[in-house]
Amino acid sequence: MKTISRRGFLAAGGTAALGAFLAGCSKTVGTGVQPSPTSTVIEKELSVYNWDAYLSPKNVEAFQRTFGAAVTQDYFASNEDLQAKIKAGATGYDIGAPTLYMVKLMGYEDRTLFELDKVKLPNLGNIDPRYLNRPDDPGNRFSIPKDLGTTGIGYRADKIAEEITSWDDFFRLAPKYSGRLAVLDSAPEVIGSALKMLGYPYSSDDPAHLKEAERALLTLKPHLRAIDSANYDTMLQRGEVYAVLGWNGDVLVAADEAPKGADVRYVVPREGGEIWMDCWVILRSAPHPNAAHAFLNWLLEPVQQGEETTFTYYASPVDAAKGRVDAEVANDPAVYPPNEIADRLEFYEPTPAGVRLRSEIFTKFKAA
Amino acid sequence: MLLVPAATWFLVLFVTPLAIAVAYAFARKTGFSTYVFGFDLGNFERLGDAVYLRVMRTTAGIALASTLGCLVLAYPFAYWLATRVHRRRTVALLFVIVPFWMSLLVRTYAWILLLNETGPLSHALQRVGVLGEPLGILHTRSAVVIGLIYDYLPLMIFPLYVSIERLDRSVLEAARDLGAGRWATFRRVTLPLTKPGVLAGSLLVFIPAMGEYVVPSLLGGARAFTAGNLIADQFLQASDWPFGAALSLTMIAAMLATVALFLRSLGRDAGDMLDRAL
């Protein structure tokens with residue numbers, strides 16, 4: 001049983017952040033030649049830097065058994081957290097799991113990612129071509145699709161009288177359920193969702209749009225119980241909050257494990273929302289690149305992919321995996337959104353101006 | 001030559017990081033996360049925004065409440081320890097620091113289990129009729145203050161214990177002989193004489209409480225965003241190291257001013273008391 005969320009883990013931060021900060025200052029990032037994997041013999045260790053509860057323990061065990069490599073995991077709390085720590089010189093990790101937009105920043109801006117050796121990844125062919133060769137990583141130089149999810153609303157139908165179908169409902173009902181709402185601790189999701197409510201593109205960097213979103217968020221703020229990506233699903237489950245702005249898989253796992261009488265639901269709002277794709281990447285500083293390639297290739301087999309979706313409730317990019325997923329999960333429209341819902345979803349595409357304004361707005365939002 | 005190790009330590013661990021922080025504080029962010037160094041005051045100008053002043057006020061309020069809470073709890077305990085416990089006093093002092101052997105993160109998560117609406121405390125208070133509804137304290141500023149008091153209590157107990165233990169008993173007897181009641185003796189003799197301990201303990205609690213990051217993150221919720229969270233966010237979420245550095249330097253300056261004020265009011269006993277407590 002999982003009690004903390006997929007994207008949820010509070011990095012024990014203060015000192016780590018300071019260390020990373022200092023390390024970053026003495027190091028030039030992104031120069032030097034990429035060490036290429038020279039061997040088909042894999043190393044006996046593999047270190048995965050991941051979101052929490054985001055890799056099936058069964059798969060980890062099976063990999064360790066089959067390949068004789070010991071897998072260790074460490075966790076980050078957000079894409080920006082992962083980026084900051086790697087950029088600042090954190091080493092020892094082989095594999096990371098950023099969202100696609102962050103692959104672009106880490107691979108092409110920071111140059112902290114390893115250029116994949118496709119010869120060692122024949123199972124890339126299992127992936128639905130729709131998810132390959134995306135504009136953020138043409139030709140998949142750095143990234144392998146991991147899974148897909150959406151950002152929407154989770155709520156307790158037994159606590160909220162109204163049916164929630166839109167972002168407008170979420171914002172409008174906030175005063176009535178004041179103190180019983182939570183949103184993710186992540187600027188793109190929170191601000192993007194406000195933009196969608198207002199009818200603007202999810203990734204808009206128009207200052208006027210963002211100003212409007214800021215105003216909407218500041219009216220929401222007094223009614224929030226928490227701004228949190230780590231425990232919000234547990235809070236929903238035990239009824240501390242009645243509605244959350246969160247990720248589908250987290251809410252679905254919470255629903256699956258909810259106590260009797262707790263009716264946890266997930267909805268993609270009418271105005272639309274975010275669809276995101278998380279990716280596996282190998283870090284440029286990876287100490288075990290051969291084991292990393294072997295692991296990622298093995299993980300792309302339908303059996304393992306099915307197990308991942310059963311564990312995380314996030315859709316696999318490998319179509320053949322759907323038949324391997326528990327029927328209950330495979331038939332859930334919140335896991336595999338039907339076309340009429342998928343049409344309303346957008347990928348986040350950050351611009352420098354948009355990122356800067358978002359982080360300033362989000363800081364104000366949290367401080368207010 | 002004897003100064004070389006100390007000077008090296010000072011240079012590597014204090015001057016260098018501080019210089020780096022200063023360099024970043026005057027830099028400017030461009031692109032997604034690249035920085036242009038120079039002499040840009042923009043980061044400090046942003047600090048004038050009312051939002052950030054409010055964060056400072058929230059933080060100071062939480063730190064002050066925690067300090068007072070620690071003082072109220074620690075004083076009677078330290079007094080009892082210094083005056084009533086004669087055998088095994090070292091063991092008693094050891095018990096005070098036992099919680100420190102466990103990770104802060106684990107201890108803080110324990111408070112989440114204790115304080116949540118379906119937790120044992122909530123159930124108990126409802127059963128005995130103190131509360132008519134579930135305990136709604138988790139994810140509020142009060143929860144942060146409780147967590148901080150719990151974490152920092154030993155830092156208050158030790159200086160108080162030292163100062164009370166050093167108290168000359170004959171002075172108390174003299175007060176009694178001269179007709180002072182218990183309360184008058186405490187207020188006019190004991191408290192003034194243990195003031196260095198009170199101030200040293202308060203300093204040891206207040207300063208780290210101002211920079212606290214983990215406890216507000218876990219127990220605080222949406223209404224307890226502190227300076228520590230604000231600074232951490234600039235590095236880990238916003239990728240805005242220049243603004244984070246400017247915030248950190250401002251905090252350091254504010255803390256130095258606080259320490260200076262404390263030391264002035266403490267007088268000569270200050271360093272001595274801190275030394276002994278630590």
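Just so we're on the same page: letters track the sequence lines, and every chain starts at 1. Keep in mind that the numbers below use all heavy atoms, side chains included, and drop hydrogens, waters and symmetry copies.
- Minimum interatomic distance between A:Thr363 and B:Phe225 (heavy atoms only, all atoms of both residues): O-CE2, 4.4 Å.
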List the steps and the verdict of side-chain contact (heavy atoms from CB on, under 4.5 Å) for A:Asn231 and B:Tyr109.
CA-CA 11 Å; A:Asn231 301 302; B:Tyr109 265 104; 4.0 Å; yes
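- A salt bridge is absent between A:Arg356 and B:Asp240: the closest approach of a Lys/Arg side-chain nitrogen to an acidic carboxylate oxygen does not fall below 4.0 angstrom.
- In terms of non-hydrogen atom pairs under 4.5 Å with chain B, the most contact-rich of A:Arg225, A:Gln83, A:Arg358 is A:Arg225.
- Heavy atoms closer than 4.5 Å to chain B are found in the side chain of A:Glu109, but not in its backbone.
- B:His139 NE2 to A:Met235 CE: the interatomic distance, rounded to the nearest 0.5 Å, is 4.5 Å.
- Ranked by non-hydrogen atom pairs under 4.5 Å with chain A, the options B:Leu138, B:Thr30, B:Thr58, B:Thr118 are led by B:Leu138.
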For a quick test of your reading: what N or O donor-acceptor pairs under 3.5 Å do the side chains of residues 201-211 of chain B make, sequence neighbours left out?
from     : atom 1 : to       : atom 2 : distance (Å)
B:Ser202 : OG     : B:Val198 : O      : 2.7

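- When the salt bridge (charged side-chain N to carboxylate O under 4.0 Å, His left out) test is applied to B:Arg28, the partners found at least two apart in sequence or on another chain are B:Asp40.
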Carefully, step by step, assess B:Asn229 and A:Lys366 under the rule side-chain contact (heavy atoms from CB on, under 4.5 Å).
CA-CA 10 Å; B:Asn229 302 132; A:Lys366 286 175 83 171; 5.9 Å; no
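- When every heavy atom of A:Ala84 is checked against every heavy atom of B:Trp241, the shortest pair comes out as O-CZ2, 4.5 Å.
- At a 4.5 Å heavy-atom cutoff, the contact between B:Gln234 and chain A is made by side-chain atoms alone.
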For side-chain contact (heavy atoms from CB on, under 4.5 Å), just list the numbers for B:Arg46 and A:Glu360, CA-CA rounded to whole Å, side-chain angles, deciding distance to a tenth of an Å, and then say yes or no.
CA-CA 10 Å; B:Arg46 264 178 80 188; A:Glu360 284 185 21; 3.5 Å; yes
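- The heavy-atom pair separating B:Leu236 from A:Ser78 by the smallest distance is O-OG, 4.0 Å.
- A:Ala368 touches chain B through backbone and side chain together, each having a heavy atom under 4.5 Å away.
- Side chain to side chain, A:Ser359 and B:Gln237 fail the donor-acceptor criterion of an N or O pair below 3.5 Å.
- A:Lys221 places a side-chain N or O within 3.5 Å of a backbone atom of B:Ala222 that can act as its donor or acceptor partner.
- Rounded to the nearest 0.5 Å, atoms OG (B:Ser239) and CG (A:Asp110) are 8.0 Å apart.
- Looking at A:Leu224, both its backbone and its side chain come within 4.5 Å of chain B, counting heavy atoms on both sides.
- Within the model, atoms NZ of A:Lys364 and CZ of B:Arg54 stand 10.5 Å from one another, a figure rounded to the nearest 0.5 Å.
- Only the side chain of B:Glu117 has a heavy atom closer than 4.5 Å to any heavy atom of chain A.
- Looking at B:Asn116, the atoms closer than 4.5 Å to chain A (heavy atoms on both sides) all sit in the side chain, from C-beta outward.
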